2 protein chains.
Amino acid sequence: MTRIAAGLESAFARRGFAVPSVEDLRDAAGVSLRTLYKYAPSRDRMVRIALEHRHRRYLDHVFSDLPMGHEAALDALFERIGLWMERETSHGCLFHAAVAANPDNNELKALLERHKSEVAERAAGATGLSGRKIELMQVIEGLTQSWPLYRERATTGARHLGAALRRAEVPGPFDARTSSPSLT
Amino acid sequence: MTRIAAGLESAFARRGFAVPSVEDLRDAAGVSLRTLYKYAPSRDRMVRIALEHRHRRYLDHVFSDLPMGHEAALDALFERIGLWMERETSHGCLFHAAVAANPDNNELKALLERHKSEVAERAAGATGLSGRKIELMQVIEGLTQSWPLYRERATTGARHLGAALRRAEVPGPFDARTSSPSLT
DNA sequence: GACGATGTAGAGCGATTGTTCTACTTGTGC
DNA sequence: GCACAAGTAGAACAATCGCTCTACATCGTC
């Protein structure tokens, strides 16, 4: 079952949500058409199963064993996301892609929102930026979406933005040296 | 011709790139199938024509008559993008959506890159953030992509990030208000 | 007022789609 | 050794797709 989900995920990640036919998906899942339809009774369900699988893998990859310190966690977060982009996808966020391909599918929208809000929650918690959750999430989205164009420079850029955000978070004329003084 | 392009653009924006059939697109364009195929000899071309039209409209909406001052231009930029999101689309960037729906179409990728690089160029020029073009672009992407979830708060968040970026751009206790002295 | 370019309306084409169904094989517990 | 659940391979289905084509209407220009 998770093998099926993994196959579906990689097929959609590689070829998008519009192109692959159910027979393509069957090949990617490595099972027969009948078994595929048993676990995913429609193509829509195949999409959802793939996204749920990706959601779990993404959270694992990005958030497991982050450094404890807020500053280190922030840097590591962007590093991990950059690595994810490099390894797992050549374009932007798969959840946005799924919704964009099928804008009036409400189940997909719900999946997207659940994914994003969980990422936001955990990112804010790990970096101590709970008061700037929206801005943090925007940096993450910016990194994810701009990675195909800028590659590693996107990771560096996100780190700069993250550092600037941290500095803005705890303002004051004499900041106690805590964070990064100058932009990598 | 531009009426056809406008119709195609709005059809793809409303329903995504996978769903609408050529007959749907014909209805949206308001011409006959034959005329449609005369100006757009394949469905792929219809997509490209729609994107080119959107590119022009986006640049017009976002960059025409921006305030002269760098700081005011930065704020106005985010304001305009937020307004664009509210009026023109309920989900993220249409160019990313097109590429995501059809990841191995190289013409689409080229169109996406051209669009983004022109936006980056003009945004950096108008705001005096040429030395932080990647970061600025990431804030724009973050705003665009997170708008469906956060609505107006996304605009506010982008403004915060923009302000933090400006502050980081001209460091030092007494900044002489110029532009980017350090860190190309 | 005739003419060619340009438009509309819509039937028709082969190919492909998502989904279902039949017929056969395999593994496991009693 | 046998029944039963769960698998494979792939034929078959109606529906829909992108695209082409025919037949007819409308227009501006000489």
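Because the structure is a prediction, the values reported are computed rather than measured. Numbered from 1 within each chain, the chains take letters A, B, ... in sequence-line order.
Residue pairs satisfying the side chain to side chain donor-acceptor pair (under 3.5 Å) criterion with at least one member in residues 134-143 of chain B, sequence neighbours excluded, are listed as follows: Ser146(A)-Gln138(B), His160(A)-Glu135(B), Lys116(B)-Glu141(B). Evaluation of the side chain to side chain donor-acceptor pair (under 3.5 Å) test over residues 20-34 of chain A, restricted to residues two or more places apart or in two chains, returns Arg15(A)-Asp24(A), Ser21(A)-Asp24(A), Ser32(A)-Thr35(A).
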List, one per line, each side-chain donor-acceptor pair under 3.5 Å for residues 43-52 of chain A, sequence neighbours excluded.
unit_1: Arg43(A); atom_1: NE; unit_2: Pro20(A); atom_2: O; d: 3.4
unit_1: Arg43(A); atom_1: NH1; unit_2: Phe17(A); atom_2: O; d: 3.3
unit_1: Arg43(A); atom_1: NH2; unit_2: Phe17(A); atom_2: O; d: 3.0
unit_1: Arg43(A); atom_1: NH2; unit_2: Pro20(A); atom_2: O; d: 2.5

Compile the donor-acceptor pairs under 3.5 Å between side chains in residues 103-115 of chain A and protein atoms, sequence neighbours left out, one pair per line.
unit_1: Asn105(A); atom_1: OD1; unit_2: Glu107(A); atom_2: N; d: 3.0
unit_1: Asn105(A); atom_1: OD1; unit_2: Leu108(A); atom_2: N; d: 3.2
unit_1: His115(A); atom_1: ND1; unit_2: His55(A); atom_2: ND1; d: 2.8

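Remark: Glu152(B) pairs with no residue by the salt bridge (charged side-chain N to carboxylate O under 4.0 Å, His left out) rule, at least two apart or across chains. Residues satisfying the salt bridge (charged side-chain N to carboxylate O under 4.0 Å, His left out) criterion with Glu86(B), sequence neighbours excluded, are absent altogether. Qualifying side-chain contact (heavy atoms from CB on, under 4.5 Å) partners for Arg87(B), counting only residues two or more places apart in sequence or in other chains: His61(B), Leu83(B).
Within a 6.0 Å radius of CG in Asp60(A), more than 12 heavy atoms belonging to other residues, nucleotides or ligands are found.
In terms of phosphate contacts, Tyr39(A) brings a side-chain nitrogen or oxygen within less than 4.0 Å of OP1 or OP2 of dG7(D). At least one side-chain nitrogen or oxygen of Thr35(A) sits closer than 4.0 Å to the OP1 or OP2 atom of dT8(D).
Spacing between atom NZ of Lys38(A) and atom C1' of dG18(C) amounts to 20 Å, rounded to whole angstrom units. Taking atom CZ of Arg26(A) as the reference point, atom C1' of dT16(C) lies 14 Å away to the nearest angstrom. Whole-Å rounding puts the Leu36(B) CG to dA9(C) P distance at 13 Å. Atom CG of Leu25(A) is separated from atom P of dT19(C) by 10 Å (rounded to the nearest Å). Straight-line distance from the CZ atom of Arg3(B) to the P atom of dT6(C): 16 Å, rounded to whole Å.
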Does the protein touch nucleotides 19-24 of chain D at the base, only the backbone, or not at all? Give it as B, S and - per nucleotide, heavy atoms under 4.0 Å. BB-BB-
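Contacts between residues 10-21 of chain A and DNA chain D, defined by a heavy-atom separation under 4.0 Å, are absent.
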